[in-house]
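What follows is a single structure, written as structure tokens, with notes after it.
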Number of protein chains: 2
Amino acid sequence: MATIEDVAKLAGLSRSTVSRVINNHPYVTDRKKQLVYKAMKELEYYPNSSAQRLRKQRTDTIAVLVPRLTNPFFPFLIEGMEAIAVKNNLQLLICQTQQDKAKELNFLNLLKTKQVDGLIFTSIENEWATIASYQEGGPVLLCNEYKSEAKIPIIRLDQIKGSYIGARYLIEKGHKRIAYCGGMKTELGADRQKGFMNALREHNLEISENWIFRDLHSIECGKKLLREILAMEIRPTAVFSGSDEVGAGIIKEAKSLGLRIPDDIAVLGFDDQPIAELMEPALTTIRQPIKDMGKKTMEVMVSMLANEIKNNEKQVFELPIELIIRESV
Amino acid sequence: MATIEDVAKLAGLSRSTVSRVINNHPYVTDRKKQLVYKAMKELEYYPNSSAQRLRKQRTDTIAVLVPRLTNPFFPFLIEGMEAIAVKNNLQLLICQTQQDKAKELNFLNLLKTKQVDGLIFTSIENEWATIASYQEGGPVLLCNEYKSEAKIPIIRLDQIKGSYIGARYLIEKGHKRIAYCGGMKTELGADRQKGFMNALREHNLEISENWIFRDLHSIECGKKLLREILAMEIRPTAVFSGSDEVGAGIIKEAKSLGLRIPDDIAVLGFDDQPIAELMEPALTTIRQPIKDMGKKTMEVMVSMLANEIKNNEKQVFELPIELIIRESV
DNA sequence: CTGAAAGCGCTAACAT
DNA sequence: ATGTTAGCGCTTTCAG
């Protein structure tokens, strides 16, 4: 493989000049520029990116930590991020944590080993205190999930409001016994539950402990949840399902058991993913502006790389969330 | 940031020795090893990956070109690849071509600039002749889509057989007028159509040109396709839809127009993605062993990196394909 | 078993 | 406007 030296020799110039044309620096005569181009072409020269990175102390790469790509939420989020990244000549390194603490920590080393210039969390597995120490490696920011202790930019939705309007809608439709499905390990999960509870409290409704389901994410989980509900003596009449996947599973299982939706049981989704609209009945759900959130996140990252936004300053960017009314409630 | 030099000084040793312990070389006294570990910890030292790459002339990274991550087929494929990659200390660089020729070509430069050691195509936008010249940069292989001219390993399914068994099943169910949906730009698309046609020919059936649909991929496309079919004078009674997304769109639209499936129109999907089972009626489809294909692909890549499989030798690995009978046919 | 030294390929002062 | 030079941080001969 040809090196910059080979190009310089063939063009009869110095390495510096070749480097200048590679990097589009000014002050190079057109004539010499052509000479360089010709030599590069002749030798099929391509700059070695490791050498460039080592020398420039910059990789123009951003790590994006996601739990898994098979959850369609994240590909959409990435699509938004990438749209802005390409405009700024940044490359994304997509890292699947598989919800594994050790893997997440491992990916943080990308920052320490200078393999990436910045890092974006879209989910958080470890304690924030553990993660915080990695910040020296470069800009770190939070998208989607968040920790209020984190002194960094956060791009998120108002989850309290989201679940509040969802729950209120269920109540307005006459439901008094509503099951809730959502995690409590994350702050996002806690906020969602808070919003849900706020709506219930406003209407003097209560929720019994066994109507609360934790850590359900998949279609299968939704099916199982429905079966559990059906086995209860006092059954909820509606489920706040926390994700469109779980909601879809509930609907699917309900129908195969001969239940009518929303008459026998109402289902509210979360996210507004493609399946929401495909279900029969179509899933009423809470829409998150996923792609916009991705875009905004990358815009903030770009600003941080340009030092326009400080690394260690808390700053919350909140995007709107809305209820999409279909047929399942 | 601390460098290897700092660690060496603090430990009272040479850079070479420190490097040896970083890379787990034999022949380092335990005592000195401990000294090094202690110093590394004290200085919070992490090796600079650009420097390592430059020196080792290796990145332990494989580029994976996919059209887009929002098509759920690809996240599953990647999941399979990654399972094998992590076991072999390889990192994946996931690249979305967005089905753009120029973007695809651009990603090929990752090989020339030595940013990755190998590259995997899961879709192909450019002519093979254009792509072939990039092979010098390192192992290149084809997964899912293929070009028979390509003199490299190919991991694929028997698409001719897949669509043949699908079409035969439709015929066995009594359908004589079957619409076909699929691309012709790729060899994969051509093979699928070939298998489909084979089945028709065996049963002396014909297909009229306007029952053939091209380049449909999304749910929306499926909906539109159904409307077009309904506007025809002589309507097909079944659709070979080429993907579960398109199939789902057809079903959704059919139901909202009050048609019964499969009585009024039968639908056959392709892939067996999660939505296939969720649809009402559930989608009969042709299952591709996506995850296994990903795994096999990465296994072959590992062999190529170890020079166990030659770079420029054609070799086809074919995985099984099967019909999943549900309710839509 | 350990250290000295060379150099991977590139860019950016600095000098002219 | 161009060339000279000094590294970026690391690994790997080679010697001992």
Side-chain angles (χ1 to χ4, degrees), chain A residues 1-37 39-40 43-61 89 109-117 137-138, chain B residues 1-37 39-40 43-61 89 109-117 137-138:
Chain A
M1 283 257 119
T3 72
I4 199 172
E5 176 89 56
D6 301 327
V7 177
K9 269 187 193 148
L10 183 61
L13 294 163
S14 74
R15 286 186 339 227
S16 341
T17 305
V18 178
S19 172
R20 284 190 189 99
V21 345
I22 291 171
N23 294 282
N24 283 313
H25 283 199
Y27 309 129
V28 183
T29 346
D30 250 2
R31 210 188 98 58
K32 310 223 161 175
K33 228 184 235 174
Q34 296 313 323
L35 245 38
V36 171
Y37 285 137
M40 293 205 304
L43 295 168
E44 294 190 77
Y45 168 77
Y46 289 84
N48 179 304
S49 93
S50 301
Q52 288 183 312
R53 290 176 175 204
L54 175 58
R55 184 56 234 241
K56 292 190 184 171
Q57 303 280 51
R58 229 183 43 201
T59 63
D60 295 319
T61 304
N89 289 311
N109 283 333
L110 292 169
L111 225 36
K112 300 226 171 190
T113 60
K114 298 285 172 217
Q115 203 186 134
V116 300
D117 296 340
Chain B
M1 284 258 119
T3 72
I4 200 172
E5 176 90 56
D6 301 326
V7 176
K9 269 188 193 149
L10 183 60
L13 295 162
S14 73
R15 283 182 344 220
S16 336
T17 305
V18 177
S19 173
R20 285 191 188 100
V21 346
I22 291 171
N23 294 283
N24 284 313
H25 283 202
Y27 310 129
V28 183
T29 348
D30 250 3
R31 211 188 97 58
K32 310 223 162 174
K33 226 183 234 173
Q34 296 314 322
L35 244 39
V36 171
Y37 284 136
M40 293 207 303
L43 294 168
E44 294 188 74
Y45 168 77
Y46 289 84
N48 180 303
S49 91
S50 301
Q52 288 183 313
R53 289 175 174 204
L54 175 57
R55 184 55 233 246
K56 292 190 184 170
Q57 303 281 52
R58 228 184 44 204
T59 64
D60 295 319
T61 304
N89 290 313
N109 282 333
L110 291 170
L111 226 36
K112 299 226 171 193
T113 61
K114 299 285 172 216
Q115 204 186 133
V116 300
D117 296 339

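Here is how names work: the chains are called A, B, and so on, in the same order as the sequence lines, proteins then strands, and each is numbered from 1.
In this structure, A:Y45 reaches the C:dC10 phosphate: one of its side-chain N or O atoms is under 4.0 Å from OP1 or OP2. OP1 or OP2 of C:dC8 has not a single side-chain nitrogen or oxygen of B:Q52 nearer than 4.0 Å. Between D:dT2 and A:S16, no contact under 4.0 Å exists linking OP1 or OP2 to a side-chain N or O. The phosphate of D:dT2 has OP1 or OP2 within less than 4.0 Å of a side-chain N or O from A:T29.
For the residue pair B:R53/A:Q115, the side-chain donor-acceptor check at 3.5 Å is satisfied. Side chains of A:N23 and A:K56: a donor on one and an acceptor on the other come within 3.5 Å. Side-chain atoms of B:S16 and B:S19 form no donor-acceptor pair, as typed in the model, at a separation below 3.5 Å.
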Run the side-chain contact (heavy atoms from CB on, under 4.5 Å) check on B:R15 and B:V7 step by step: do they pass? CA-CA 8 Å; B:R15 283 182 344 220; B:V7 176; over 6 Å; no
Derivation and outcome, side-chain contact (heavy atoms from CB on, under 4.5 Å), residues B:M40 and B:I22: CA-CA 10 Å; B:M40 293 207 303; B:I22 291 171; 4.2 Å; yes
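Put simply, CG on B:L35 is 15 Å from C1' on C:dC1, counting in whole angstrom units. At whole-Å resolution of the value, CG in B:L13 and P in C:dA4 are 11 Å apart. In this structure, B:N24 atom CG and D:dT12 atom C1' are separated by 16 Å, rounded to whole Å. Remark: P of C:dC10 and OH of A:Y46 are 14 Å apart, rounded to the nearest angstrom. Distance, A:E5 CD to D:dT5 P: 13 Å, rounded to whole Å. Protein atom CD1 of A:I4 is 5 Å distant from nucleotide atom P of C:dC10, rounded to whole Å. Between the NE2 atom of B:H25 and the P atom of D:dC14 there is a distance of 16 Å, given to the nearest Å. Between A:R58 atom CZ and C:dC10 atom P there is a gap of 16 Å when expressed in whole angstrom units.
Using a 4.0 Å heavy-atom criterion, one finds that B:T3 contacts the sugar-phosphate atoms exclusively. Residue B:P26 is classed as having no contact, given no heavy-atom separation below 4.0 Å to the nucleic acid. Nucleic acid contact class of A:R53 (heavy atoms, under 4.0 Å, all strands): none.
Set against D:dT13, C:dG9, D:dG3, the side chain of B:L54 has C:dG9 as its closest nucleotide. Closest to the A:K32 side chain, of the nucleotides D:dT2, C:dG3, D:dT12, is D:dT2. Comparing atom distances between the A:R15 side chain and each of C:dG9, C:dG3, D:dG7 picks out D:dG7 as nearest. Listed nucleotides: C:dC10, C:dA12, C:dG3. Nearest to the side chain of B:S14: C:dG3. When distances are taken from the side chain of A:Q57 to each of D:dC8, D:dG3, C:dG3, the shortest belongs to D:dC8. Closest to the B:Y27 side chain, of the nucleotides D:dG9, C:dC10, C:dT2, is C:dT2. Side chain of A:R20, nearest nucleotide from D:dC8, C:dC14, C:dC1: C:dC14.
Checking side-chain atoms of B:D117 against main-chain N and O of B:T59 turns up a donor-acceptor pair under 3.5 Å.
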